[in-house]
Amino acid sequence: MTNILLNGIATLDIINQLDHYPEEDSEVRALTQTLRIGGNAANSSIVLQQLGVNAHLIASRADDSNAKQVFSQLNERKINTDLCPVHNNSSTPTSYITLNSHNGSRSIIHYRDLTELQASYYIKLNLSQYNWLHFESRDCKQQLKMLQYAQTFKLPISIELEKNRKAIETIIPFADLLLISKPFAESQGFDNAYDCIKHYSQRYSDKTITCTWGKQGAWAYANSSIIHQDAFPLDKTIETLGAGDTFNAGIIYSLIKQKSLSQTLKFACRLAANKCMQSGFDHLIIPADH
Ligand code: FRU
């Protein structure tokens, strides 16, 4: 079985569902409130586990009651969290999410003061038991040292570029697979995915690169060609929260399975569309052609 080590965060997501996006300085009542595990790497782990991959999450862990809840929910879903270092007197990163049930949009207020995963911890690990290493880009100064160590194991490495971060350009060269989101592309001055992927593919022609662009679908690059996949139409939009994390899991899984680039992109787009038509990540409908 394939073992993948995902480096990132686990959060507590407090999701308030509203029938419209509230105005500033107004008081509104939520239709529902759900408390759930969140964080890009944690969400991708849950999806990968359902795809039959052994997901191991490495993320800083707090020692509060929220951490107990988050990590027991991860473990119930068979995500291995044994490597997560616990920080004393700390609190779990929390996201307060407003979900507009009218259009499925999600607005996130994220709070954290938990120390990011430290390279001094990571570089003591034996990574030879894994088949793939994934990094959600976060503290790039620390992750640069982790990646320098990780590359000595000669395993495939994927890096998600979701937001612009200090020194993020220093970690990009280490990736075999670069997963670029629309907000990151926009932060670099691109107003469309094609230009973004073209730019990065010219600089890093040996990598596989993806770039998502909401309703316009996604683009992918490998072996000198750029392809596009339209977004799949949604019967209903329930929740877009974590659609990108689902897409990334779909790409990684398909590449592990050595599918072609177009099969990989199609699979990931379909999987992300399926996620948008449901709440959360459990019981995700897996596209038949995987
Ligand atoms: C969705 C998500 C949420 C989390 C937030 C962290 O992609 O991972 O689950 O709260 O982003 O930035």
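Treat the numbers as computed from the prediction; the structure is a model and nothing was measured. Just so you know, ligand 1 is whichever comes first in the structure, and atom 1 is the first atom listed for that ligand.
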(message) Closer than 3.5 angstrom, by distance alone: can the side chain of Asp195 be matched with the main-chain N or O of Phe190 as a donor-acceptor pair?
(response)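 No, Asp195 side chain to Phe190 backbone: no donor-acceptor pair under 3.5 Å.
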(message) Between Ile58 and Leu125, is there a side-chain heavy-atom distance shorter than 4.5 Å?
(response)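 When only atoms from C-beta onward are counted, Ile58 and Leu125 do touch, with a gap below 4.5 Å.
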(message) Could you check whether any side-chain heavy atom of Ile209 comes within less than 4.5 Å of a side-chain heavy atom of Trp219, counting everything from C-beta outward?
(response)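 Result no, sub-4.5 Å side-chain heavy-atom pair not found.
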(request) Could you tell me whether Arg36 and Glu239 make a salt bridge, using a distance below 4.0 angstrom between a side-chain N and a carboxylate O? (result)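 Looking at Glu239 together with Arg36, the answer is yes, because their closest N to O distance falls below 4.0 Å.
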(request) Please indicate whether His20 has more than 12 foreign heavy atoms, meaning atoms of other residues, nucleotides or ligands, lying under 6.0 Å from its NE2. (result)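 More than 12 within 6.0 Å, yes.
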(request) With Lys207 as the cation and Tyr221 as the aromatic partner, state whether NZ or CZ is under 6.0 Å from the six-membered ring centre and within 45° of the axis. (result)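 Geometry flag: not set, cation outside 6.0 Å or 45°.
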Report the nearest protein non-hydrogen atom to [atom]: residue, atom name, distance rounded to 0.1 Å.
| atom | value |
| --- | --- |
| atom 12 (O) of ligand 1 | Lys163 NZ, 3.6 Å |
| atom 3 (C) of ligand 1 | Asp13 OD2, 3.3 Å |
| atom 8 (O) of ligand 1 | Asn40 OD1, 2.6 Å |
| atom 1 (C) of ligand 1 | Asp245 OD2, 3.4 Å |
| atom 6 (C) of ligand 1 | Ser95 OG, 4.1 Å |

(message) Please determine whether any non-hydrogen atom of Gly244 lies less than 4.0 Å from an atom of ligand 1.
(response)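 Contact check Gly244 vs ligand 1: negative.
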(request) Measure the distances from the heavy atoms of Arg106 to every atom of ligand 1 and state whether one is below 4.0 angstrom. (result)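 No; Arg106 lies far enough from ligand 1 that no heavy-atom distance drops under 4.0 Å.
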(message) Please find the pair of heavy atoms, one from Ala243 and one from Cys276, that lie closest to each other, and give the distance.
(response)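 Reported closest heavy-atom pair: CB-SG, 3.7 Å.
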(request) Could you tell me whether Asn43 approaches ligand 1 through its side chain, its backbone, both or neither, with non-hydrogen atoms closer than 4.0 Å? (result)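 Answer for Asn43: side chain.
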(request) Mark up the atoms of ligand 1 that fall under 4.0 Å of a heavy atom belonging to Gly38, in ascending order. (result)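 Listed by number with element: 9 (O).
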(request) Return a yes/no value for Gly39: is any of its N or O atoms, backbone included, closer than 3.5 angstrom to an N or O of ligand 1? (result)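 So ligand 1 has an N or O lying under 3.5 Å from an N or O of Gly39.
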